[in-house]
Novice: 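Right, I'll just put the structure down here and ask away after.
Counting begins at 1 with the first residue of the sequence. Basis for what follows: all heavy atoms, side chains included, without hydrogens, waters or symmetry-related copies.
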Amino acid sequence: MTARPTPKLRLGLPKGSLQDTTGKLLALAGFRVNFSGRSYYPEIDDAEIDCILIRAQEMARYVEQGVMDCGITGLDWVLENRAKVKELADLKAPWPNYRPVRWVLAVKENSAFNSVKDLQGKRIATEGVGLTQRYLAEHGVKAEVEFSWGATEVKPPILADAIVDITETGHGLRANELRVLDTVLVTTPRFIANLDAYDDEWKRRKMERLVLLLRGAINAADRVGLMMNVPRERLQKVIELLPALATPTISALADDRWVAVNTIVEERLVRELLPRLSESGAQGIVEYPLNKIVE
């Protein structure tokens, strides 16, 4: 009897600035992905997934066409391509290139332009031509929008009157003496799916499970676990110290005078919280890392 072929989910991974962080996210989600040399077909330790490296700018178009069943790309490129796809998750995370970034309208620091209205009839350089044209239309402004192949921030004032460019920290804009007039779009990475693939029961379940693991890894990224032993008479005082969103698990110990407290908190809070817990009577405090939190 001939064995049935293993069903496959074709997953698009973003090449370029998002690639390293996407590899890190997949590793935290429990997958081993091998990005090998010049190959555009990374190996993954899941026989039901085939990976393809594609530029984030093109991902939404290929997912819409069904070349890929699903993929990771920025909301900006979904909108730029006007792609009809299903969004399964916002993958915003506290890592480089996965934090929210802005597309901004910027001009030279010493220019006379103070608002988008001042750019009527002017030239604007950008990689996001569609985004920019729609933004200008919303503001009733007609301007010449030209595609920029790179180094967009150096074009004002000689090669362009203004630019629409992407920024995470603003350092590049300041280094080139640019001034932001407005935010065109705030964007984050998204997990998107082809509409027909999402209608396929097996592929939809596979994608949803993958998204659950990715979101679980992101949820755990900036949090840690704390466990400690607390005298019963000090329990309320300790609980009051814990952040409002932390709902502790309280368990009885062999010695009825003590309880065990286990909770999850943001890692940035620990250096202030831990000494206060100790001062309030908590003992045997242990901080431990988290791999995934499924909410």
Side-chain angles (χ1 to χ4, degrees), residues 7-31 33 35 40-42 44 46 48-103 126-135 166 168 184-219 221 292 294-295:
K8 294 282 189 177
L9 184 74
R10 185 167 289 178
L11 171 64
L13 301 179
K15 183 173 177 59
S17 62
L18 290 173
Q19 181 177 330
D20 289 344
T21 308
T22 301
K24 172 183 177 179
L25 173 57
L26 284 165
L28 290 171
F31 297 93
V33 182
F35 296 97
Y40 282 74
Y41 299 91
I44 187 170
D46 187 323
E48 296 177 341
I49 298 177
D50 284 336
C51 295
I52 304 178
L53 274 178
I54 297 292
R55 282 167 53 89
Q57 292 90 327
E58 301 176 286
M59 184 73 72
R61 177 162 52 90
Y62 285 126
V63 170
E64 179 185 25
Q65 294 170 356
V67 179
M68 254 85 69
D69 295 313
C70 54
I72 297 172
T73 188
L75 171 64
D76 46 354
W77 298 117
V78 176
L79 298 176
E80 173 69 13
N81 287 282
R82 294 194 170 189
K84 295 180 175 62
V85 294
K86 175 73 174 178
E87 180 183 314
L88 271 66
D90 183 341
L91 298 180
K92 176 177 66 176
W95 305 312
N97 301 311
Y98 265 62
R99 299 185 182 99
V101 296
R102 297 183 300 150
W103 283 86
T126 182
E127 192 177 351
V129 172
L131 290 173
T132 302
Q133 289 174 335
R134 291 193 288 276
Y135 167 79
I166 196 164
E168 184 171 358
V184 175
L185 176 72
V186 177
T187 181
T188 55
R190 307 296 170 101
F191 190 102
I192 59 173
N194 172 268
L195 297 180
D196 290 335
Y198 188 75
D199 285 339
D200 180 282
E201 183 178 355
W202 182 87
K203 290 183 178 181
R204 181 174 64 253
R205 283 176 57 83
K206 185 70 176 178
M207 287 187 280
E208 288 173 346
R209 290 176 177 180
L210 175 56
V211 166
L212 182 141
L213 294 171
L214 296 175
R215 288 295 313 156
I218 291 171
N219 289 339
K292 299 177 190 67
V294 177
E295 298 176 336

Novice: Could you tell me whether the side chain of Leu53 reaches within less than 4.5 Å of the side chain of Pro42, counting heavy atoms only?
Specialist: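 Yes; the side chains approach each other to less than 4.5 Å.
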Novice: Report yes if the side chains of Ile52 and Arg10 come closer than 4.5 Å at any heavy-atom pair, otherwise no.
Specialist: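 With C-beta onward as the side chain, the pair touches.
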Novice: Quick one: does any side-chain atom of Arg204 pair with a main-chain N or O of Tyr198 as donor and acceptor, under 3.5 Å?
Specialist: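 The answer is yes, because a donor-acceptor pair under 3.5 Å joins these two groups.
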Novice: OG1 of Thr187 to CG of Leu79: how many Å apart, nearest 0.5 Å?
Specialist: 7.5 Å
Novice: Thr132 and Arg134: side-chain donor and acceptor closer than 3.5 Å?
Specialist: no
Novice: State, with a plain yes or no, whether a side-chain heavy atom of Glu127 is found less than 4.5 Å away from one of Glu80.
Specialist: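 Side-chain contact under 4.5 Å: no.
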Novice: Looking only at heavy atoms, what is the nearest atom pair of Trp77 and Ala56, with distance?
Specialist: CB-O, 3.6 Å
Novice: Would a 4.5 Å heavy-atom cut-off, applied to side chains only, mark Lys92 and Arg99 as touching?
Specialist: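 Side chain of Lys92 against side chain of Arg99, heavy atoms only: no contact under 4.5 Å found.
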Novice: I want to check something: taking the side chain as every heavy atom from C-beta on, are Asn219 and Glu295 in contact at a cut-off of under 4.5 Å?
Specialist: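 Answer yes - side chains close enough.
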Novice: Have a look at Arg102 and tell me which of Val186, Val184, Leu185, Asp76 forms a side chain to side chain contact (heavy atoms under 4.5 Å, CB included) with it.
Specialist: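 It is Val186, the one option of Val186, Val184, Leu185, Asp76 that forms the side chain to side chain contact (heavy atoms under 4.5 Å, CB included) with Arg102.
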Novice: Tell me if a side-chain donor or acceptor on Asn194 pairs with a main-chain N or O of Glu64 at a distance below 3.5 Å.
Specialist: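 Yes, Asn194 side chain to Glu64 backbone: donor-acceptor pair under 3.5 Å.
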Novice: Step by step, work out the side-chain contact (heavy atoms from CB on, under 4.5 Å) result for Leu88 and Met207.
Specialist: CA-CA 8 Å; Leu88 271 66; Met207 287 187 280; 3.8 Å; yes
Novice: Please report the C-alpha distance between Lys86 and Asp196 in whole Å, then the side-chain angles of each, then the deciding distance to 0.1 Å, and finally whether the salt bridge (Lys or Arg N to Asp or Glu O under 4.0 Å) criterion is met.
Specialist: CA-CA 10 Å; Lys86 175 73 174 178; Asp196 290 335; over 6 Å; no
Novice: Please round to the nearest 0.5 Å and tell me the distance separating atom CG of Asp46 and atom CG of Leu210.
Specialist: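 These two atoms lie 8.5 Å from each other.
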Novice: Which value, rounded to the nearest 0.5 Å, describes the distance between Asp20 atom CG and Thr22 atom OG1?
Specialist: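 So the gap between those two atoms works out to 8.5 Å.
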Novice: Roughly how far apart are Cys51 SG and Phe35 CZ, rounded to 0.5 Å?
Specialist: 7.5 Å
Novice: Any chance you could lay out the side-chain contact (heavy atoms from CB on, under 4.5 Å) test for Ile44 and Asp50, step after step, and finish with the verdict?
Specialist: CA-CA 7 Å; Ile44 187 170; Asp50 284 336; over 6 Å; no
Novice: Could you give me the CA-CA distance, side-chain angles and deciding distance for Leu25 and Ile218, then say whether side-chain contact (heavy atoms from CB on, under 4.5 Å) is met?
Specialist: CA-CA 8 Å; Leu25 173 57; Ile218 291 171; 3.7 Å; yes
Novice: Hey, are Lys8 and Glu48 close enough for a salt bridge, meaning a charged N less than 4.0 Å from a carboxylate O?
Specialist: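 The answer is no: the pair does not qualify as a salt bridge.
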Novice: Answer yes or no: is there a side-chain heavy-atom contact under 4.5 Å between Leu11 and Phe191?
Specialist: yes
Novice: Looking at every heavy atom in both Ala193 and Val63, which two are closest together, and how far apart are they?
Specialist: C-CG1, 3.5 Å
Novice: Testing the basics here: between Ala89 and Val211, what is the closest heavy-atom pair and its distance to 0.1 Å?
Specialist: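 Taking every non-hydrogen atom into account, CB-CG1, 3.6 Å.
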Novice: Return the NZ to CG distance between Lys203 and Leu9, rounded to the nearest 0.5 Å.
Specialist: 7.0 Å
Novice: Distance check, rounded to the nearest 0.5 Å: Thr21 atom OG1 versus Trp95 atom CH2?
Specialist: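 Result: 8.0 Å between the selected atoms.
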Novice: Any donor and acceptor pair, going by atom type alone, linking the side chain of Arg205 with main-chain N or O of Asp200 inside 3.5 Å?
Specialist: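 The answer is no, because no donor-acceptor pair under 3.5 Å joins these two groups.
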Novice: What heavy-atom pair brings Ala29 and Leu213 nearest, and what distance separates the two atoms?
Specialist: CB-O, 3.7 Å
Novice: Could you tell me if the side chain of Thr126 sits less than 4.5 Å from the side chain of Trp103, heavy atoms only?
Specialist: yes
Novice: Counting neighbours of CD on Gln65 that are heavy atoms of other residues, nucleotides or ligands and sit closer than 6.0 Å, is the number greater than 12?
Specialist: yes
Novice: Are any of the side-chain heavy atoms of Met59 and Met68 separated by less than 4.5 Å?
Specialist: yes
Novice: Could you check Val85 against Arg190 for side-chain contact (heavy atoms from CB on, under 4.5 Å), going step by step and ending with a plain yes or no?
Specialist: CA-CA 11 Å; Val85 294; Arg190 307 296 170 101; over 6 Å; no
